[in-house]
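For reference, the structure discussed in these notes is given below.
Ligands are counted one by one from 1 in listed order, and the atoms in each one are counted from 1 as well.
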Amino acid sequence: MTMEFTTQTAERLPDAERERLLSAPSFGDTFTDHMVTISWTEERGWHDALLRPYGPLVLDPSTQVFHYGQEIFEGLKAYRRPDGSIAIFRPDANAARLNRSSARMAMPQLPEQAFLDALRLLVDADRDWVPSRQGHSLYLRPFMIATQPSLGFYRPSNAYLFVVIASPSGAYFKDGVKPVSVWLSTEYTRAADGGTGAAKCGGNYAGTLVAMRQAAEQGCDQVVWLDAKERRWIDEMGTSNMFFVYGDRLVTPELTGTLLDGITRDSLLTLARDLGYPASEERISADQWCADTESGELTEVFSCGTSSMITPVGRFKRGDETWVIGDGEPGPVTLRLREELMGIQYGERLDQHGWVHKIA
Ligand code: PLP
Ligand code: COI
């Protein structure tokens with residue numbers, strides 16, 4: 001079944017104003033002219049698919065999402081290629097993950113084709129908003145909220161709204177490829193067995209703000225999460241997954257159900273193998289991280305995610321102690337993988353895996 005979208009054309013922001021906004025890189029503060037909304041109700045299923053002017057959503061104060069946090073989201077990017085065309089990176093993987101999050105949060109499944117069509121329509125309508133500067137892109141934020149106006153909490157909401165908004169983005173971490181410092185959170189945890197750690201739901205993020213503040217107080221840029229049961233195994237970082245590099249061998253924490261199965265993580269496991277780096281998914285303990293850093297066996301650590309791409313980790317702090325990884329500078333494997341992944345995303349390197357979806 002294909003969903004018919006109705007288009008309500010927005011007034012375009014004047015070119016000069018848009019160019020001014022595109023020249024000031026930030027993350028998530030500026031939005032394009034349009035957005036997409038699709039409604040769902042128990043009676044009608046998905047309906048009223050609209051490409052419409054970007055603007056506020058009017059919701060009753062009793063709307064369920066405000067009270068019980070039934071919300072999921074995705075994050076992916078559209079890239080400007082050297083010939084001026086635009087491509088979205090692995091949107092089918094985001095569509096599949098949205099539906100996995102949806103299943104966990106007792107929300108309706110969105111047909112993958114509707115997700116892809118929504119992105120295509122929005123990016124095509126707002127194509128002038130896709131930056132052409134090196135390292136910049138158009139960040140796409142699909143999300144779904146429970147919209148039944150009721151404080152009753154007896155069963156899942158009987159109405160939902162799926163929305164896609166788009167925001168031109170510069171580098172997520174202002175310093176680009178400069179290494180970040182991270183804080184191992186021992187007081188708080190992010191996700192436990194049987195919980196929502198593998199779903200991309202808003203509540204997972206709200207619960208981590210206090211630890212982010214703690215990390216900042218410790219002079220660190222990001223939080224690293226340990227498993228909730230033993231407080232021993234490394235799960236992931238605040239908004240990204242992690243890779244540990246031993247010479248030319250890569251290890252990333254295995255998917256235990258308490259961390260997000262990042263699409264960048266998955267892409268890098270494939271690219272590492274393409275480039276001849278052995279890569280595996282294993283459990284890594286915080287003690288091992290410290291010991292291998294001290295012995296020098298661990299040569300690089302980096303984080304990866306859509307918004308922050310690949311970011312080297314220069315040092316980490318656990319309690320009062322700080323460890324510097326290698327010489328604290330970005331390592332060769334990190335930089336090689338970064339170049340390869342960004343090369344594919346920006347159309348400068350061959351996409352052997354069918355990851356790049358071109359917009360006409
Ligand atoms: N882990 C968390 C908690 C995230 O928020 C993200 C970002 O989306 C990731 C990992 C990386 O996922 P992806 O590579 O799909 O962006
Ligand atoms: C993304 O990388 O898409 C994310 O979701 C991170 C976001 C929390 C800023």
Atoms of ligand 2 under 4.0 Å from any heavy atom of Thr306, numbered from 1 in the order shown, are 2 (O), 3 (O)
For ligand 2, find out whether one of its N or O atoms is nearer than 3.5 Å to an N or O atom of Tyr139.
yes
Examine the side chains of Thr37 and Arg52 and answer whether a donor and an acceptor come within less than 3.5 Å of each other.
yes
Phe73 and Tyr205: CA distance, side-chain angles, deciding distance, ring pair (Phe, Tyr, Trp, His ring centres under 6.0 Å) verdict
CA-CA 11 Å; Phe73 69 98; Tyr205 295 78; 5.0 Å; yes
Relative to the ring of Tyr346, is the ring of Tyr79 parallel (under 30°), tilted (30 to 60°) or perpendicular (over 60°)?
perpendicular
Sequence-distant partners of Arg100, side chain to side chain donor-acceptor pair (under 3.5 Å), two or more places apart
Asp261
Ile38 reachable from Phe143 in the ILVMFWY side-chain graph, under 4.5 Å edges:
no
For the residue pair Phe162 and Phe115, categorise the inter-ring angle as parallel (less than 30°), tilted (30 to 60°) or perpendicular (more than 60°).
tilted
Below 4.0 angstrom from a heavy atom of Phe73, which ligand 2 atoms are there? Numbered from 1 as shown, please.
5 (O)
For Arg141, take its heavy atoms, then give the atoms of ligand 2 lying under 4.0 Å from any of them.
5 (O), 7 (C)
Between ligand 2 and Tyr205, is the shortest N or O to N or O distance under 3.5 Å?
no
With a 4.0 angstrom cut-off on heavy atoms, strictly below it, pick out the residues next to ligand 1 and order them by chain and number.
Arg97, Arg190, Lys200, Tyr205, Glu236, Gly238, Thr239, Ser240, Asn241, Leu260, Gly262, Ile263, Thr264, Cys304, Gly305, Thr306
In terms of atom number and element, which parts of ligand 2 are under 4.0 angstrom from non-hydrogen atoms of Lys200?
4 (C), 5 (O)
Short N or O distance, Thr239 and ligand 2, threshold 3.5 Å exclusive:
no
Decide, yes or no, whether a salt bridge links Arg18 with Asp15 under the criterion of side-chain N to carboxylate O below 4.0 Å.
yes
Okay, side chain of Arg231, backbone of Leu226: is any donor-acceptor separation there less than 3.5 Å?
no
Could you check whether the rings of Phe244 and Trp289 sit parallel, tilted or perpendicular, using 30° and 60° as the cut-offs?
perpendicular
